[in-house]
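Scroll down for the structure; my scribbles are underneath it.
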Amino acid sequence: MSSKEEILDKVKAALKGKENTFTKVSFQRPLRVDENKSPLDDFIQAWEANKGKVLMTSKEDLEDELLKLLSELQPKSFHYSQDIKFAKVQEQGKCYDSSVDELRNELFHADVFMLEAKCAVRDLGIIGVKSSPTSGRLASLIANTCIFLLKKEDLVANMLEAVEYMSKDGLATNTLLIAGPSRTADIELQTVFGVHGPRETWLVIY
Amino acid sequence: MKDYSHEKYLQTLDEKLHDKQMRDNLHSAMSTLRAGRKKLVENDYNDWEHLRTKASQVKLNCLGKLDTLIEEFSANCANNGMKVHFAKDANEANEIIYQIAKDNEADLILKGKSMASEEIGLNHFLKEKGIFASETDLGEIIIQFIDEPPVHIVVPAIHKNRKQVGEIFHKYIEGAPLETEIPKLNAIARKYLRKKFEGFKIGLSGVNFGIAKEGAIWLIENEGNGRMSTTASDVHIAICGIEKIVETFEDAAILNTLLAPSAVGAKITAYNNIIKGPRQESELDGPKEMHIILLDNHRSTMLGTKDFYKALSCIRCGTCLNHCPVYEKVGGHSYMATYPGPIGEVISPQIFGLDKVGYIDDLCSLCGRCSEVCPVKIPLAQLIRKMRAEQAFEGRNKIAGDENIQRHKGMDMAMKGFATVASNPTLWHMMLWSAGTFKGLLAKFATKAPVLRDWTSCRTFPEINTGLEAKLEKMEGVTCE
Amino acid sequence: MKKVYFFATCLGNLTYANTSVSAVKLLRKVGLEVVYKKNQSCCSQPSYNSGYFEESKKVILSNIKLFNDKDMDIVVPSGSCTGMMREDYRELFEDTPYMSEVEAFSSRVYELSEYLLKENIELEDKGEPMKVTWHSNCHALRVAKTITANKALISKLKNVELIELAHEQECCGFGGTFAVKRPRVSEAMVASKVADITSRGVSALLIGDYGCELNISGYMKAHGFDLPVIHLYDFINKRIGE
């Protein structure tokens, strides 16, 4: 008998005779939200409380604002995912368009990375990102500073909605919910930012 | 071989009670975690108690159909390109991991935080085979350097202060200067691990939630080391206790909502990492090979118990530890096995043997605070009491190692004596009369007689005050019958 | 006249007979007649908490049959024993042939403060203004849930100000057999509790459970703390001039 069969047999035997107490449970708004604030303002407040940074702009001004941000950040190197289409922005750095097997060393020294966020979660102040052939998993992990582009309309209410929203056309290989910079409090419970994931996270909302 | 002897236990306990550094650090840390959770729960959530009830029900729902979920999960994971393994016990899991390392000619595995990997003793097993399983979580690295077990499920090195951590890094990390400021220590660890992440092959993680319907795993963390281990590797191995499998994203979201608030008083962790499989064709990165190991290791036995199956609801948040007044005084090492605190008292005997670690169940005054704060409403205090009943040979469940346990003759006698006297009015009254009459004598022997001497080691001898019946008989409107 | 049973508890017979009398006095004050069954002993927490369920059942069954008049409530001056009798008994005897008998008993159990409030007790505070703090027994707090009733009684004493402990939620380390099974851990816990109590700037500690009382007052006396530790029901009688 394989281990799989053995384990399943044991589990089945364990459940035999146990009363069926199944009761459907639904996820409903667990967090209090500030009804006086607009959803977007509420989200921004929560995102900033998580130590994320924000830049509000419009579709028309987006490219200019991104260039402005980049010039302020003065990156040692700049990478962007294939979803970033602005020519002037692309000129500033390199596209992440070949496999990590070729680019590994370069990626591990990446300073600033730009990619698209797929949604923002109002009640938690976090954003959603997913991997695809045009947006590698490492894009939101490997650099010191990450710049996420987000459309205003992609605002959802909560964690479950975020996952459902991002997977409505099929679940990506890697889906991420990100609450700003990486952090740890393992020493004396003092929080420090910028451990293995990005230290600085910019969200450019348009 | 791990020393589970009673002597080692008492020695450890004594040592930790006198470890002022650890006690101060732990007190400070636990107070902070409790206060953080309390504030968050009161201010930010819509009816926390209702959320607990829902989370508890979700877990019971999933456990109630675990066989179906295991089959669904493993089939869907396989469809998504994961290599699915089943491990009956710790040894089998270790062998599977070892084989994967051998197949990939790797002598290094980088680990994200995984309690299951500690449970199976992975690091030690691989070390004997010449493979280094290197921790990457900041707290775990610290204790790995000094070869200590974790002191807490969520913050493993909380008993060390910054000065001690600085000394540890300076000693064990090549080229690391001696620092004491926490941001500088963080920088040392980041630099040290960055080098490792750049050139490693195999990453290992646990699983917070396995989603049966999706064939995907959901992991949570704050540092990014988990993501590194599962994203920047060629091979990803995920260890998943079978009880971690839930049915839907909705189930996981309901549970995950309560995890970070309970654990550390934060609404959410920095990263929620949902992985469906290895690198797909046309994708740029991610492991080319992904393995998932479904681990039993006594979980199926626990599931079959009348009472203890509820402990399988545990989402490893650590809040029971944070609120346990005993844990704060003695620290995680005193519990002698992977899982400390209230949850440890229920599951460690079931995983490591009632005969090996059953004695840790006396590290509890049954105050019930753990039951009160557990986000999935595991009745921990009740279960600890029931585990004591198992050791008193009055239990009704199958617990690992229970065929080897010895009767505690002293306790048996004392309890039988109590039961005899307390159910026999003549004997009871005789006991009261003797206490009243000989209270002077009793007080004299208080420092020498067994039990009494433990009481009086830090308290005065109780004042005997009997004769209630006589007093009541004198009162108007009171009938003694 | 309405009659109630009085359950004194084991310590209420062994170390706190005077407090038992105080408790009965308060029942008399609201015009109740009290029946004391002489053969009562213990709610059985000591053996129950140690996992000796069969021994406990023996003691429990021999006790509950004494309180056989189903029209009479059972009043207990202890939240801890109330919790045991009202909640734990039901769990212990679930799926046994004794369930209905136990249910008939457990459904009539009340803690004294709860009962006095039900009977609309009036308390005229004749004492001088003073500040007190209160210790909550864990079983009373979390299982019996009788602490609010205790505090409601204290609030009826106009000249008594209740200052809460900083860490009311923390166990004092008694835990029944725990105190003598793991004495050094218990000691560490009671030391923390006493540090909290003596930091409140009050002139007395009020307490509602005998085990905790023995533990805390015993520790305080042995370590030279002279803050009085007074049982709630002794205190109330004193304040109303009984």
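So you know, we letter chains A, B, ... as the sequences are listed, proteins then strands, and number each from 1.
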Derivation and outcome, side chain to side chain contact (heavy atoms under 4.5 Å, CB included), residues A/Glu6 and B/Asp296: CA-CA 10 Å; A/Glu6 211 176 302; B/Asp296 183 350; over 6 Å; no
Please report the C-alpha distance between B/Phe249 and A/Thr175 in whole Å, then the side-chain angles of each, then the deciding distance to 0.1 Å, and finally whether the side chain to side chain contact (heavy atoms under 4.5 Å, CB included) criterion is met. CA-CA 12 Å; B/Phe249 274 140; A/Thr175 308; over 6 Å; no
Are B/Ile70 and A/Val11 close enough, and set up right, to give a side chain to side chain contact (heavy atoms under 4.5 Å, CB included), and what steps lead you there? CA-CA 9 Å; B/Ile70 291 173; A/Val11 171; 4.0 Å; yes
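Interface remark: of the candidates A/Val100, A/Val25, A/Thr184, A/Val25 forms the most heavy-atom pairs closer than 4.5 Å to chain B. Taking B/Asp47, B/Leu185, B/Leu294, B/Asn256 one by one and counting their heavy-atom pairs under 4.5 Å with chain A, the maximum is reached by B/Asn256. Per-residue counts of heavy-atom pairs under 4.5 Å with chain A were compared for B/Glu223, B/Lys88, B/Lys276, B/Glu283; the largest is that of B/Glu223. If you tally non-hydrogen atom pairs under 4.5 Å between each of B/Ile268, B/Thr305, B/Val155 and chain A, the highest count goes to B/Ile268.
Contacts of residues 115-128 of chain A with chain B at a heavy-atom distance below 4.5 Å involve A/Asp123, A/Leu124, A/Ile126, listed in sequence order. Proximity to chain B among residues 46-54 of chain A is not found for any residue, judged by heavy-atom separations below 4.5 angstrom. Proximity to chain B among residues 198-206 of chain A is limited to A/Pro198, A/Arg199, judged by heavy-atom separations below 4.5 angstrom.
B/Asn25 places no side-chain N or O within donor-acceptor distance of the main-chain N or O of A/Glu188, the cut-off being under 3.5 Å. Of the possible donor and acceptor atoms, one in the side chain of B/Arg194 sits under 3.5 Å from a partner among the backbone N and O of A/Phe108. A donor-acceptor pair under 3.5 Å is absent between the side-chain atoms of A/Arg183 and the main chain of B/Ala270, judged by distance alone. In this structure, the side chain of A/Asp186 does not engage the main chain of B/Ile158 through any donor-acceptor pair within 3.5 Å. For B/Arg162 (side chain) and A/Ile187 (main-chain N/O), no donor-acceptor pair under 3.5 Å exists by modelled atom type. Proximity of a side-chain donor or acceptor of B/Asn46 to a complementary backbone N or O of A/Arg29 within less than 3.5 Å is detected. Remark: side-chain polar atoms of B/Asn186 are not paired, donor with acceptor, to backbone N or O of A/Val192 under 3.5 angstrom. Judged by distance alone, the side chain of A/Gln190 and the main-chain N or O of B/Pro183 form no donor-acceptor pair under 3.5 Å.
The contact between A/Arg137 and chain B is made by backbone and side chain atoms together, counting heavy-atom distances below 4.5 Å. Proximity to chain A is limited to the backbone of B/Thr269, based on heavy atoms less than 4.5 angstrom apart. Interface residue A/Ile142: backbone and side-chain heavy atoms are both found under 4.5 Å from chain B. With a 4.5 angstrom heavy-atom cutoff, A/Ser140 touches chain B via backbone and side-chain atoms both. If you measure heavy-atom distances from B/Ala252 to chain A, you find no contacts under 4.5 Å at all. Only the backbone of A/Ala172 comes within less than 4.5 Å of a heavy atom of chain B; no side-chain atom from C-beta onward does. Contact of B/Glu92 with chain A is made through the side chain alone, with heavy-atom distances under 4.5 Å. Proximity to chain A (any heavy atom under 4.5 Å) is shown, for B/Thr53, by neither the backbone nor the side chain. With a threshold of 4.5 angstrom between heavy atoms, A/Asn20 does not approach chain B through any atom at all. Heavy atoms of A/Glu19 lying under 4.5 Å from chain B are absent altogether. In this structure, the portions of B/Leu303 lying under 4.5 Å from any heavy atom of chain A include both its backbone and its side chain. Of the atoms belonging to A/Asp97, it is backbone heavy atoms, and not side-chain ones, that fall under 4.5 Å from chain B. Neither the backbone nor the side chain of A/Glu5 comes within less than 4.5 Å of any heavy atom in chain B.
Around the NZ atom of B/Lys184, the shell of radius 6.0 Å holds no more than 12 heavy atoms that belong to other residues, nucleotides or ligands. Annotation for A/Lys152: atom NZ counts as buried by contact number, over 12 foreign heavy atoms lying within 6.0 Å.
A/Leu141 places none of its side-chain heavy atoms less than 4.5 Å from the side chain of B/Phe197. No side-chain heavy atom of B/Tyr271 sits under 4.5 Å from any side-chain heavy atom of A/Leu177. Looking at A/Val163 and B/Glu214, their side chains never come closer than 4.5 Å, going by heavy atoms from C-beta outward. Using a 4.5 Å cut-off on side-chain heavy atoms (C-beta onward), A/Leu15 and B/Asp67 make contact. Looking at A/Leu189 and B/Leu33, their side chains come closer than 4.5 Å, going by heavy atoms from C-beta outward. Inter-residue side-chain proximity for B/His298 and A/Lys10 is flagged as unmet; no heavy-atom pair is nearer than 4.5 Å. Residues B/Glu250 and A/Lys24 form a side-chain contact, since some pair of their non-hydrogen atoms from C-beta on lies under 4.5 Å apart. Between A/Lys18 and B/Leu63 there is no side-chain heavy-atom pair separated by less than 4.5 Å.
The residues B/Arg279 and A/Asp101 are annotated as salt-bridged, a charged nitrogen and a carboxylate oxygen being separated by less than 4.0 angstrom.
Under the ring-ring contact (aromatic ring centres under 6.0 Å, His included) criterion, A/Tyr96 pairs with A/Phe113, not counting sequence neighbours.
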